[in-house]
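These notes concern the structure reproduced below.
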Amino acid sequence: MGQWGGYLQLILDGALVTIKLTLMGSALALVMAFLAGLGRLSHFAALRWLATTYIEFFRGTSIFVQLFWAYFVLPLLGLSLTPLQAGVLALGLNVGAYGAEVVRGAVKSIGKEQYEACIALNFNRWQSLRHIILPQAVVLMLPTFGNNAIELLKASSVVSLISLADMTFQAQVVRAQTGSTLVPFLTILILYFAMASVISFAIRGLERYMTRGLDGVRT
Amino acid sequence: MEWDWAFVIQILPTLLQGVKITILATLLGSIVAAVVGLVIAIVRRSKNRLVSMPMGFVAEFIRGTPLLVQLYFIFYVLPDLGLTLSPLVAGVIGLGLHYGTYTAEVYRAGIENVARGQWEAAKACNLTPFQTWTRIILPQALPPMIPALANYFIAMFKETPLLSAITVLELMNQARSIANYNYRYIEPITLVGAFFLVISLISVIGLRWLERRYGRIG
């Protein structure tokens with residue numbers, strides 16, 4: 001039984017890398033989602049095009065290909081990334097593209113009367129976005145953002161293939177060293193599920209927090 | 001490093017071999033996902049909570065864990081338990097099970113969209129549950145779901161490179177072996193990206209057509 005302690009430590013080390021990747025990737029994804037999502041709604045055609053190209057490109061190709069591209073091809077073009085940087089970059093940009101559509105959908109779903117009220121109050125575009133539209137839209141985005149974060153957590157397992165020592169990678173190490181398959185893989189399946197549950201629990205809490213006092217106001 | 005067109009033309013046939021396997025895996029995986037999703041959706045509707053609750057948990061569990069780990073599980077663990085599968089079969093089962101939990105949600109929404117009166121009418125006509133499902137509910141529920149299902153099949157297509165991790169020789173794996181063998185990464189991996197972009201853009205056009213033809217739900 002003693003040997004399993006060391007292997008469990010390996011897997012927990014990997015879990016830490018997975019958590020780090022998920023947090024950093026989600027942060028990048030959130031920034032990209034708002035930049036590209038609002039970019040698509042911009043008055044400037046060039047910005048709209050840029051955002052659309054970004055979104056279509058990252059949604060149209062596989063996360064796996066993007067990661068490999070970031071890790072193997074970018075160095076040849078003069079930009080060397082560590083596996084962790086490549087992982088965060090690929091995960092963040094990929095999930096950010098999905099998130100951008102969520103941002104766009106939520107902003108567009110805010111009723112016309114809200115915009116009219118902004119004009120009536122003589123708000124400029126930034127003010128109405130900042131004080132009126134986004135506070136309402138963010139609440140609508142939250143549940144889907146939660147799902148996106150879980151997708152990101154799951155996609156992070158792919159970084160094990162570019163030799164980043166995340167949880168999946170460590171499970172493979174344990175498999176190679178012990179020949180045991182069921183224990184390491186079942187362990188990490190349960191850990192992944194636990195992390196996903198934590199994310200959906202946290203998002204639900206955040207949603208409750210942000211909608212407090214809004215009962216009866218939202219339709 | 002320069003982009004080399006001669007090298008591109010040289011590796012194209014091998015990559016197209018990979019495209020074939022990728023498309024095959026997507027099609028087979030889609031069929032499995034379509035069936036698994038329907039089964040999950042129907043079982044979760046069961047009034048017997050001893051049946052519906054465990055199924056709900058299993059579906060949530062599969063949906064909350066990475067496909068890659070599930071593929072490893074099917075490919076490495078099942079043989080130890082006495083079930084050895086070829087890489088492609090393991091991959092198709094993995095894709096199908098994983099996306100089955102997503103399509104189940106589509107089926108659920110589609111089935112709930114069928115008006116209650118249809119169930120009552122089926123009961124009034126003294127149809128058996130099997131007849132009710134196959135003659136009344138599914139023929140009405142299925143067409144509006146088609147675009148949403150197709151959406152997940154396109155998503156699945158983009159996850160097929162994961163099969164390379166369990167040694168299926170699909171597009172990504174072919175590209176990697178070419179890249180490792182020739183020590184040139186730019187062309188093979190960029191081409192893989194281009195193939196994916198082209199095929200998924202074509203599929204999206206197809207999807208838009210399906211949406212116009214069948215309308216969309218949820």
What distance do B:Y185 atom OH and A:F68 atom CZ have between them, rounded to the nearest 0.5 Å? 9.0 Å

Evaluate the side-chain contact (heavy atoms from CB on, under 4.5 Å) criterion for residues A:L77 and B:I186: first the C-alpha distance (whole Å), next the side-chain angles of each, then the deciding distance (0.1 Å), finally the verdict. CA-CA 9 Å; A:L77 304 175; B:I186 295 190; 4.2 Å; yes

Per-residue contact mode, B:T160 against chain A (heavy atom under 4.5 angstrom): neither

Pairwise side-chain contact, A:T168 with B:L68, heavy-atom cut-off 4.5 Å (strictly under): yes

So A:S62 and B:F157, side-chain contact (heavy atoms from CB on, under 4.5 Å) or not? Walk me through it. CA-CA 8 Å; A:S62 154; B:F157 163 70; over 6 Å; no

Count the heavy atoms of every other residue, nucleotide or ligand shown that sit under 6.0 Å from CH2 of B:W119, and state whether that count exceeds 12. yes

Of B:L67, B:L201, B:L197, the largest count of non-hydrogen pairs under 4.5 angstrom with chain A goes to B:L197

Answer with side chain, backbone, both or neither: which region of A:S160 has an atom nearer than 4.5 Å to a non-hydrogen atom of chain B? side chain

Under a 4.5 Å heavy-atom cutoff, which of B:F73, B:F195, B:F196, B:Y72 has the most pairs with chain A? B:Y72

Chain A contacts, top residue of B:A194, B:A179, B:P161, B:G193 (heavy-atom pairs, under 4.5 Å): B:P161

Can any side-chain N or O of B:K158 pair as donor or acceptor with the backbone N or O of A:F64 at less than 3.5 Å? no

Identify which of A:L161, A:L189, A:L153 forms the greatest number of heavy-atom pairs closer than 4.5 Å to chain B. A:L189

Evaluate the side-chain contact (heavy atoms from CB on, under 4.5 Å) criterion for residues B:H98 and A:K154: first the C-alpha distance (whole Å), next the side-chain angles of each, then the deciding distance (0.1 Å), finally the verdict. CA-CA 12 Å; B:H98 193 80; A:K154 284 158 58 187; 3.5 Å; yes

Does the structure place the NZ or CZ of A:R175 under 6.0 Å from the centre of the six-membered ring of B:Y76, at an angle of no more than 45° from the ring's axis? yes

Which of B:V192, B:T190, B:V198 touches chain A most, by non-hydrogen pairs under 4.5 Å: B:T190

Check whether A:L186 gets within reach of chain B through its side chain, its backbone, both or neither, counting any heavy atom under 4.5 Å. both

Counting only non-hydrogen atoms closer than 4.5 Å, does A:Q66 touch chain B with its backbone (N, CA, C, O), its side chain (CB onward), both, or neither? neither

Need one label for A:Y98: side chain, backbone, both or neither, based on atoms under 4.5 Å from any heavy atom in chain B. side chain

Counting the benzene-type ring for Trp, do A:F193 and B:F57 have ring centres under 6.0 Å apart? yes

